[in-house]
Amino acid sequence: DTEVTQTPKHLVMGMTNKKSLKCEQHMGHRAMYWYKQKAKKPPELMFVYSYEKLSINESVPSRFSPECPNSSLLNLHLHALQPEDSALYLCASSPWGGWGNEQFFGPGTRLTVL
Amino acid sequence: SQQGEEDPQALSIQEGENATMNCSYKTSINNLQWYRQNSGRGLVHLILIRSNEREKHSGRLRVTLDTSKKSSSLLITASRAADTASYFCATDGSGGGADGLTFGKGTHLIIQP
């Protein structure tokens, strides 16, 4: 299995909802990532899980919280989002953390916050 | 701030022609990668070039890296309609931040049949 899967494909939520995005890989990769991509913009790194350590982009608001239940799964918990959080959320994995790694991306979850 | 800046932002060519995209970056890097994204989907890795390499080939792709000018180019030869996509350069190991890639703004390539 050489792919990264993401569920759901689409999500519409209100500002008071709590929802979660799920990402899974079975390639034995040791690093997983969440990126946010607004329309016609490049992806921006949100979080990195590498060798069971979490690294956070300090500009990401606390209404986004990642969770890594095991080395194959990476969740992104969403709470009290704002309409400007509407975007494509991309998950990726790489064989190991650090530099010089090809990253494998999932198809993304398109999130709309009403 | 974004590390890479692609040039041009949009490019439209005829099928069979060559397409060249450029990327400039600001800080020193360990590697530079190119990714393709089809219409709001996930990104696909194309090629990685290390800071001590000057040129790399993969099929119809040719990437160059000039660390003195902090720039890279991606050449796609004999373009096909299926090459229509957005192309991003990405750097890692820059800025001392967390693992992960910093993407340039991207070039949207349209191949006219």
Side-chain angles (χ1 to χ4, degrees), chain A residues 2-6 9-10 23 25 29-60 66 74 86-112, chain B residues 1-7 9-10 21 23-25 27-53 56 58 61 63 65 85-109:
Chain A
T2 58
E3 64 174 5
V4 175
T5 59
Q6 290 187 242
K9 286 189 169 55
H10 301 274
C23 174
Q25 58 88 14
H29 288 177
R30 300 300 302 274
M32 296 182 75
Y33 312 81
W34 279 113
Y35 292 87
K36 173 184 176 181
Q37 185 178 27
K38 302 280 280 183
K40 299 189 187 304
K41 298 288 187 184
E44 293 182 352
L45 182 67
M46 300 176 73
F47 303 103
V48 180
Y49 256 103
S50 177
Y51 297 100
E52 287 114 43
K53 276 185 66 176
L54 170 66
S55 298
I56 300 171
N57 181 334
E58 291 178 356
S59 67
V60 176
L74 184 65
S86 298
L88 181 67
Y89 288 84
L90 294 161
C91 176
S93 70
S94 61
W96 55 84
W99 305 329
N101 280 269
E102 169 186 351
Q103 291 191 13
F104 294 74
F105 282 80
T109 292
R110 188 160 299 281
L111 174 68
T112 302
Chain B
S1 62
Q2 286 168 2
Q3 172 75 316
E5 300 275 337
E6 269 88 341
D7 167 36
Q9 290 191 9
M21 289 158 271
C23 166
S24 60
Y25 56 91
T27 63
S28 61
I29 60 169
N30 293 291
N31 309 278
L32 187 140
Q33 303 183 41
W34 285 88
Y35 286 81
R36 184 187 76 225
Q37 184 177 35
N38 289 89
S39 189
R41 298 174 62 87
L43 283 80
V44 174
H45 179 264
L46 296 176
I47 198 164
L48 180 151
I49 186 165
R50 302 195 187 282
S51 59
N52 62 353
E53 297 176 308
K56 202 161 182 180
S58 177
L61 306 180
V63 167
L65 180 64
S86 292
Y87 291 82
F88 296 95
C89 69
T91 57
D92 61 12
S94 60
D99 299 341
L101 297 172
T102 303
F103 287 88
K105 290 181 179 176
T107 293
H108 183 53
L109 176 65

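Here is how names work: the chains are called A, B, and so on, in the same order as the sequence lines, proteins then strands, and each is numbered from 1.
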Note to self: If you count every heavy atom of other residues, nucleotides or ligands that lies below 6.0 Å from A:K40 atom NZ, does the total exceed 12?
What the structure shows: no
Atom CD of residue position A:E102 - does it have more than 12 heavy atoms of other residues, nucleotides or ligands inside 6.0 Å?
yes
Under 4.5 Å to a heavy atom of chain B? For A:F47 that would be neither
If one checks every heavy atom of A:Q6 against chain B at 4.5 Å, the contacting part turns out to be neither
Notebook entry, point to check: Do B:Q37 and A:L90 have side chains that get closer than 4.5 Å, going by heavy atoms?
Noted result: yes
* Asked: Within a strict 4.5 Å, meaning less than it, do heavy atoms of the A:Y35 and B:L101 side chains meet?
  -> yes
Identify the heavy atoms of [X] and [Y] that sit nearest to each other, and give their distance.
{"X": "A:P43", "Y": "B:L43", "result": "CG-CD1, 4.0 Å"}
{"X": "B:G104", "Y": "A:P42", "result": "O-CB, 2.9 Å"}
{"X": "B:F88", "Y": "A:Q37", "result": "CZ-NE2, 3.9 Å"}

| Do we see a donor-acceptor contact under 3.5 Å between the side chains of A:Q103 and B:Q33? | no
